[in-house]
Amino acid sequence: MTKGNSTKITDELYQYVLAHNPPLDAVQRGLVATTYEKFPDVAGMQSAEEQGPLLAFLVRLTGARHIVEVGTFTGFSSLSMAQALPPDGRLIACDVSEEWTAYGREAWEAAGVADRVELRIGPALDTLRAMPADEHVDLAYVDADKEGQIAYWEELVPRLRPGGLIVTDNTLYHGAVLDEAATGSAAGVRAFNDHVAADPRMDSVLLAISDGLTLSRKR
C-alpha cells in the first residue's frame with residue numbers, strides 16, 4: 001500500500017498553509033477571536049480557519065445559489081459561504097442555540113450579507129423535513145450532532161440537485177473512527193462514513209483536512 005501521509009503537519013507548516021490560503025477578512029477574524037473569547041470550552045466546534053476559504057471556494061466552484069447549513073454555532077462557516085454567494089443567493093442556517101448564533105447574526109450584518117442568510121432555530125431535522133421536496137439545494141454543509149448525521153443526509157440527498165455537493169465535517173472524529181467499539185458521537189461518525197461510502201446516489205471522497213472533511217457530489 002502506498003502511504004500518502006508522510007508529511008506531518010507541524011505548527012510551523014500549518015501556519016505556512018494559512019499564509020498561502022486567502023486570508024480571513026476583518027469580520028471573519030473578529031468572529032473567530034470572539035468565539036474563543038466567549039466560548040473557550042466549546043470553541044473547537046468552530047470550523048477550522050482553513051475551512052472558511054475552502055467553503056467559499058466550493059460555493060464559487062459549484063455556482064451555488066441555495067445553500068443549507070446544518071449546525072451554525074457562532075457563524076464562521078455560514079459567514080464564509082454567504083460572502084461567496086451572489087447577491088441573490090440564499091443560505092438557510094440551522095441551529096438550536098439563540099446564544100451562539102447571536103454572534104453570527106452580528107457578523108453577517110457587519111459583513112453586509114445578512115440579507116443572504118436565513119437563520120432557523122430549532123431541531124435541524126424538522127427544518128429539513130419542512131423544506132420543499134424538489135431538487136433545489138446546490139450545496140449543504142453539515143457540522144452538527146454526529147449521531148444525527150445519517151438522518152440529515154437522508155433528508156438532504158433527495159433535495160440536492162444533480163452535481164450538487166454535501167460537505168460533512170469531523171469525519172475522522174479525532175481518530176476515534178478507528179475504534180470498532182466506539183460509542184456516542186464516534187460511533188455515529190463511523191456509521192455515517194460507512195453509509196456515505198455505500199450510497200449509490202453520490203460520489204464521495206474523505207479528505208484528511210482538519211478533523212476530516214467528506215465531499216459528496218450527487219450523480
Side-chain angles (χ1 to χ4, degrees), residues 15 17-40 42-124 127-128 130-132 135-144 152 156 159-161 163-170 209-210 213 215:
Q15 291 303 317
V17 170
L18 296 182
H20 288 79
N21 275 346
L24 302 189
D25 63 27
V27 178
Q28 292 172 325
R29 181 67 62 194
L31 181 57
V32 170
T34 297
T35 300
Y36 277 91
E37 175 189 346
K38 300 292 185 180
F39 307 107
V42 294
M45 293 197 302
Q46 183 171 247
S47 296
E49 181 174 329
E50 67 271 23
Q51 288 176 247
L54 175 59
L55 289 169
F57 180 87
L58 293 174
V59 171
R60 297 187 181 103
L61 183 67
T62 59
R65 290 179 177 272
H66 189 172
I67 299 173
V68 175
E69 178 181 67
V70 181
T72 296
F73 189 39
T74 57
F76 173 66
S77 51
S78 51
L79 172 62
S80 300
M81 291 187 288
Q83 289 175 305
L85 277 170
D88 62 345
R90 293 295 178 268
L91 186 155
I92 295 175
C94 308
D95 207 279
V96 295
S97 173
E98 290 278 10
E99 180 186 13
W100 292 339
T101 56
Y103 293 92
R105 288 181 188 272
E106 292 178 4
W108 304 331
E109 287 283 354
V113 296
D115 60 333
R116 303 177 195 179
V117 183
E118 179 184 344
L119 178 62
R120 298 187 183 179
I121 298 294
T127 299
L128 296 178
M131 290 180 181
E135 297 176 331
H136 66 284
V137 177
D138 300 312
L139 188 149
Y141 181 52
V142 181
D143 186 13
Y152 301 143
L156 286 167
R159 293 171 169 83
L160 192 70
R161 66 161 170 84
L165 196 65
I166 297 177
V167 182
T168 310
D169 199 15
N170 303 116
I209 296 173
S210 187
L213 198 68
L215 306 184

Should [X] and [Y] count as side-chain neighbours, where that means a heavy-atom distance under 4.5 Å?
X	Y	result
E69	D95	no
T168	Y152	no
V113	L85	no

Chi angles and distances behind the side chain to side chain contact (heavy atoms under 4.5 Å, CB included) call for K38, T74: CA-CA 10 Å; K38 300 292 185 180; T74 57; over 6 Å; no

Any donor-acceptor N/O pair, [X] side chain to [Y] backbone, under 3.5 Å:
X	Y	result
D138	I67	no
Q46	A43	no
D143	G71	no
R65	D88	no
R116	A82	yes

Check your understanding: Considering residues at least two apart in sequence or located in another chain, which fulfil the salt bridge (Lys or Arg N to Asp or Glu O under 4.0 Å) criterion with E109?
Key ->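 Testing E109 for salt bridge (Lys or Arg N to Asp or Glu O under 4.0 Å), a comparison that skips the adjacent residues, returns none.
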
Search all heavy atoms of [X] against all heavy atoms of [Y] and return the closest pair with its distance.
X	Y	result
E50	S210	OE2-CB, 3.8 Å
A124	C94	CB-CB, 4.0 Å
L55	S77	CD1-CB, 3.7 Å

| request: Please state whether the rings of W100 and F39 are parallel, tilted or perpendicular, taking 30° and 60° as the class boundaries. | output: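 Ring orientation of W100 relative to F39: perpendicular.
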
Rounded distance (nearest 0.5 Å) linking atom [atom1] of [X] with atom [atom2] of [Y]:
X	Y	atom1	atom2	result
T72	Y103	OG1	OH	16.0 Å
D115	R90	CG	CZ	5.5 Å
L31	L79	CG	CG	6.5 Å
W108	L119	CH2	CG	4.5 Å
L54	L213	CG	CG	6.0 Å
R159	M131	CZ	CE	7.5 Å

Can Y141 and S47 be said to form a side chain to side chain donor-acceptor pair (under 3.5 Å), step by step? CA-CA 11 Å; Y141 181 52; S47 296; 2.7 Å; yes

Output, in order, the C-alpha distance, side-chain angles, deciding distance and verdict of side chain to side chain contact (heavy atoms under 4.5 Å, CB included) for I166 and V142. CA-CA 7 Å; I166 297 177; V142 181; 4.2 Å; yes

Verify whether one side chain among Q28 and S80 offers a donor that lies under 3.5 Å from an acceptor in the other. yes

With side chain to side chain contact (heavy atoms under 4.5 Å, CB included) as the criterion, how do L139 and M81 come out once you've worked through the C-alpha distance, each side chain's angles and the decisive distance to 0.1 Å? CA-CA 10 Å; L139 188 149; M81 291 187 288; 3.9 Å; yes

_Counting only heavy atoms from other residues, nucleotides and ligands, does the tally under 6.0 Å from CZ of R161 exceed 12?_
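Atom CZ in R161 is packed in, count exceeds 12.
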
